[in-house]
Amino acid sequence: KQNRAILIMNKESDRLTYLINDILDLSKLEAGKIKLNIELVNLEECIDNAASLEDVKKKNISFRKMIPKNMPLIEADKGKITQVFTNLISNAAKFTKPKGKIMVVLSNKEKDDFVVVKVKDTGIGIAKKHIPNLFNKFYQVESHLRRNVGGTGLGLPIVKEIITLHKGEISVKSKIKQGTSIIFKLPKVKEKKDEEEKERK
Ligand code: ATP
Ligand code: MG
């Protein structure tokens with residue numbers, strides 16, 4: 001009996017820690033108090049380090065990465081981009097039934113000055129009317145709450161702040177009962193030549 005009580009306390013204190021950290025992260029991001037620690041980053045590494053990959057394994061959902069050979073390193077904050085993948089994969093895992101699929105697709109078109117990342121799932125999907133609200137703090141789709149999956153509605157607002165700080169963009173595509181794709185773009189490293197040319201102008 002005592003063991004069970006301890007396990008519950010442990011789980012609940014973890015939950016509080018996550019909640020407090022999310023609230024702190026978001027407040028700092030919103031207050032402009034977070035400085036990015038920019039380095040050359042391999043996006044695949046950030047995907048592989050996403051903490052929520054554990055949730056995927058536990059739930060028997062298949063997980064795939066699609067990464068083209070010409071994928072460049074990008075200038076970004078490794079920890080923050082890892083957090084983006086953690087939050088998006090956590091959502092995909094929460095709202096996808098066992099035997100479903102999650103895919104992370106990276107793409108790099110030579111002519112574009114950004115790379116594109118898609119986190120796709122075959123989950124329950126999101127009705128159109130909710131999509132504009134998903135990046136608002138504490139917003140959760142009511143009908144999803146019945147699933148008892150937990151969470152506070154801070155994951156996506158944090159993701160949006162991080163992507164915006166990196167001068168990127170984010171959007172959502174979803175179809176009820178078919179699945180959801182969260183798509184974001186991050187700027188590629190500019191070649192020195194372009195920069196110098198701009199300075200001369
Ligand atoms: P937290 O991330 O704070 O633990 P959360 O996951 O509920 O809680 P968000 O990540 O901000 O919060 O997501 C907001 C809501 O958007 C979710 O509650 C859910 O209703 C919906 N949602 C997000 N991602 C998906 C997805 N991949 N499939 C279906 N619904 C989603
Ligand atoms: Mg979430």
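Worth saying up front: this structure is predicted, and the values here are computed from it rather than measured. Counting convention: from 1, in listed order, for ligands and their atoms alike.
- In this structure, the side chains of L134 and V141 come closer than 4.5 Å at one or more pairs of heavy atoms.
- Remark: ligand 1 atoms within the under-4.0 Å shell around heavy atoms of K94 are 4 (O), 5 (P), 6 (O), 7 (O), 8 (O).
- Side-chain contact between P72 and V115 is present, with heavy atoms from C-beta onward closer than 4.5 Å.
- Comparing heavy-atom distances from atom 28 (N) of ligand 1 across F138, F95, F135 singles out F95 as nearest.
- Atoms of ligand 1 found under 4.0 Å from any heavy atom of G155 (numbered from 1 in listed order, with element): 1 (P), 2 (O), 3 (O), 9 (P), 10 (O), 11 (O).
- Distances under 2.8 Å from the Mg ion (ligand 2) pick out the protein N/O/S atoms N91 OD1.
- When side chains are defined from C-beta on, K109 does not count as touching V116, because their heavy atoms never get closer than 4.5 Å.
- The nearest protein atom to atom 3 (O) of ligand 1, hydrogens excluded, is given as L154 N, 2.9 Å; this is a heavy-atom distance.
- At the shortest separation from atom 1 (P) of ligand 1 among protein heavy atoms lies T152 N, 3.5 Å.
- For the pair V149/H144, no side-chain contact is recorded, criterion being any heavy-atom separation below 4.5 Å from C-beta on.
- Between Y139 and ligand 1, a contact under 3.5 Å exists for no N or O pair.
- A salt bridge links K78 with E45: the distance from a Lys NZ or Arg NE/NH1/NH2 to an Asp or Glu carboxylate oxygen falls below 4.0 Å.
- Close approach of ligand 1 to V141 (heavy-atom distance below 4.0 Å) involves ligand atoms 20 (O).
- Of all atoms in ligand 1, listed by their number and element, those nearer than 4.0 Å to a heavy atom of I126 are 22 (N), 25 (C), 29 (C), 30 (N), 31 (C).
- For the pair N87 and ligand 1, no heavy-atom separation below 4.0 Å is found.
- For the pair E169/I163, no side-chain contact is recorded, criterion being any heavy-atom separation below 4.5 Å from C-beta on.
- With hydrogens and angles ignored, the 3.5 Å screen pairs no side-chain donor or acceptor of S181 with any backbone N or O of K118.
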Would you be so kind as to tabulate the donor-acceptor pairs closer than 3.5 Å made by side chains of residues 5-17, with sequence neighbours excluded?
residue	atom	partner	partner atom	Å
E12	OE1	R15	NE	3.0
E12	OE1	R15	NH2	3.0
S13	OG	N10	O	3.2
T17	OG1	S13	O	2.7

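- Considering backbone and side-chain N/O of P157, none are found under 3.5 Å from N/O of ligand 1.
- T122 has its side chain out of reach of I102: every pair of non-hydrogen atoms, C-beta onward, lies at least 4.5 Å apart.
- Using modelled atom types, no side-chain atom of N60 and backbone atom of P98 make a donor-acceptor pair closer than 3.5 Å.
- The closest protein non-hydrogen atom to atom 4 (O) of ligand 1 is G151 CA, 3.3 Å.
- Ligand 1 is never approached by G123 to a heavy-atom distance shorter than 4.0 Å.
- No N or O atom of I124 sits closer than 3.5 Å to an N or O atom of ligand 1.
- Atom 10 (O) of ligand 1 has its closest protein heavy atom at N91 ND2, 2.8 Å.
- Among E142, H144, Q140, the residue whose heavy atom sits closest to atom 18 (O) of ligand 1 is Q140.
- With a 4.5 Å cut-off on side-chain heavy atoms, I47 and L106 count as touching.
- Here the side chains of N91 and I182 are not in contact, with every heavy-atom distance at 4.5 Å or above.
- In this structure, the side chain of D77 engages the main chain of K80 through a donor-acceptor pair within 3.5 Å.
- Near L134, with a cut-off below 4.0 Å to any heavy atom, the atoms of ligand 1 are 16 (O).
- For atom 27 (N) of ligand 1, the nearest non-hydrogen atom of the protein is D121 OD2, 2.8 Å.
- Checked against a 3.5 angstrom limit, the closest N/O atoms of G153 and ligand 1 fall inside it.
- Given atom 11 (O) of ligand 1, the protein heavy atom at minimum distance is L156 N, 2.9 Å.
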